[in-house]
Structure formats: structure tokens, C-alpha cells
Amino acid sequence: MSSDPYWKLRAPDPTPEDEICRCEPLEGIVLCTRLTENPLCCVQCNGEVPPESIGFDGRLAEEIARWRSVSDALYRLWLDSGEYEAWAAVRLLDPAGQVNVDGMRITAALHRLVPTYYRWFRDTEDGEVPTRCPVCSGPLEDSIREGDLACGACRIVIQR
């Protein structure tokens, strides 16, 4: 494990081949909560992007794994729909909240290697489709992937 800098981003069981991105060329990735070990997916096909295909270092792999752990924990609290649901939603939606600050910093680091976006949390059950970026308040536009909105300035994608 210690010789593999990406070991914390790998599932105990290999990801099925049909769930791995095969896009050539890779047009970009999204850092997102997927409730899996690897939070990197393709902007086009939504398939898992193996970290070695990007080639970042072990330090960044550790930061991604740490972010994934916190983001997944908050998302699971929100999914539970119990007493923590509202609290978790506030944390996931706060542009100044630690999970989003860290996610945006990691997105910027990954963007130096491959075009990268950060998937912003959205409760689609509320019915309101966002029109403004939660960070800069600029207009959201159609994303590369159908069904997503994006802020190119902030490198954010949000499910429509």
C-alpha cells in the first residue's frame, strides 16, 4: 500500500470496468461526493477517473482522501434525514464552510493538471433550480454534461 500514492482513493473491490471513464481525450474531471473511495469523475461520461491517469502526487492524494471523508460524512448525515439533516445541508451549502473551502482548493490544484470542476451540493427535492453561482453570484450556464449548470469562473458544477 505505501508504494501506491493513491491507495486511499481505491476501493477494496475494483470498480467495474463499465463504470470507469474511457473518454479520449479526457476533457476534464469533477471532484464530487460519490460515496466511493475515488471522488474523481469525468465531466462527460460521469465515469470514475483513475487517479494515476491524472498523475498527481501523494500529498494531493492524501488531501483528496481527507476531503472525501469529510464530504461523504456530511452527505451521509444529510441523507439520513434525521436530526442532522438540516445542519449537514447548511454545512454542505456554505461557501465559507471548511468542506467547500478545501474542495475548491483541491479543485484548483487538480486544475493545474487537467480541467477540473467542483460539484456543489444541491438538494434537488427543494424544486428550485439555481441560476446564480453560490460563490461569486455570477450566472450559471449549461455545463459540458447535460443536466448540470456551471460557473466557469469558480469551476463549480451544480445539478440542474
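Values reported hereafter were calculated over all heavy atoms of this structure, with side chains retained and with hydrogens, waters and symmetry mates removed. If you're wondering where the values come from, they're calculated on a predicted model, not measured in any experiment.
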Shortest non-hydrogen contact between L31 and G103, atoms and distance: CD2-O, 3.6 Å
Contact check, side chains of V30 and N46, non-hydrogen atoms, under 4.5 Å: no
S69 side chain vs R66 backbone, donor-acceptor pair below 3.5 Å: no
Donor-acceptor contact present, side-chain N100 to main-chain L92, <3.5 Å: yes
Hphob cluster co-occupancy, L79 + V90, side-chain heavy atoms under 4.5 angstrom: no
Side chain R91, main chain Q98, donor-acceptor under 3.5 Å: no
Side-chain donor/acceptor of W67 to backbone N/O of V99, under 3.5 Å: yes
Pair Y6-N38, side-chain donor/acceptor within less than 3.5 Å: no
Spacing of E83 atom CD and L77 atom CG [to the nearest 0.5 Å]: 9.5 Å
Residue pair P115 / V43, side-chain heavy-atom distance below 4.5 Å: no
Distance (rounded to the nearest 0.5 Å) between T33 OG1 and L74 CG: 8.5 Å
Interatomic spacing from SG in C41 to CD1 in I20 - rounded to 0.5 Å: 13.5 Å
Joint cluster assignment, Y84 & V70, ILVMFWY side-chain distance < 4.5 Å: yes
From CZ (R22) to SG (C45), nearest 0.5 Å: 9.5 Å
pair F121-W78: side-chain heavy atoms closer than 4.5 Å: yes
Residues E62, K8; criterion salt bridge (Lys or Arg N to Asp or Glu O under 4.0 Å); working and verdict: CA-CA 7 Å; E62 179 67 33; K8 289 186 179 180; 2.8 Å; yes
For G58 against P5, the heavy-atom pair lying closest together: CA-CB, 3.8 Å
Linked, directly or transitively: L110 and Y118 (ILVMFWY side chains, under 4.5 Å): yes
Heavy-atom donor-acceptor pair, T107 side chain to R105 backbone, under 3.5 Å: no
Pair R10 + D4: basic N to acidic O under 4.0 Å: yes
Criterion side chain to side chain contact (heavy atoms under 4.5 Å, CB included) on I106 and I64, from CA distance to verdict: CA-CA 7 Å; I106 291 166; I64 292 168; 3.6 Å; yes
Donor-acceptor pairs under 3.5 Å, side chain of residues 148-160 to any protein atom, not counting sequence neighbours: which ones?
residue, atom, partner, partner atom, Å
D148, OD1, R119, NH1, 3.4
D148, OD2, R119, NH2, 2.8
D148, OD2, R145, NE, 3.3
D148, OD2, R145, NH2, 3.0
R155, NE, T116, O, 3.0
R155, NH2, H111, ND1, 3.4
R155, NH2, T116, O, 3.4
R160, NH2, D142, OD1, 2.4

Where G47 and R34 come nearest, the two heavy atoms and their spacing: C-NH2, 4.3 Å
Considering all heavy atoms, the nearest C21-V49 contact: CB-CG2, 4.1 Å
In one Ile/Leu/Val/Met/Phe/Trp/Tyr side-chain cluster, 4.5 Å: L9, L35: yes
Approximate separation, where rounding is to 0.5 Å, of L93 CG and D123 CG: 8.0 Å
Validation row: T15, T36 side chains within 4.5 angstrom (heavy atoms): no
Criterion side chain to side chain contact (heavy atoms under 4.5 Å, CB included) on V114 and L26, from CA distance to verdict: CA-CA 8 Å; V114 62; L26 180 64; 4.2 Å; yes
Distance-minimising heavy-atom pair for P95 and V101: O-CG2, 3.8 Å
CD-CD1 distance between Q44 and I29, expressed to the nearest 0.5 angstrom: 13.0 Å
Nearest heavy-atom neighbours spanning L113 and F56: CD1-CB, 3.7 Å
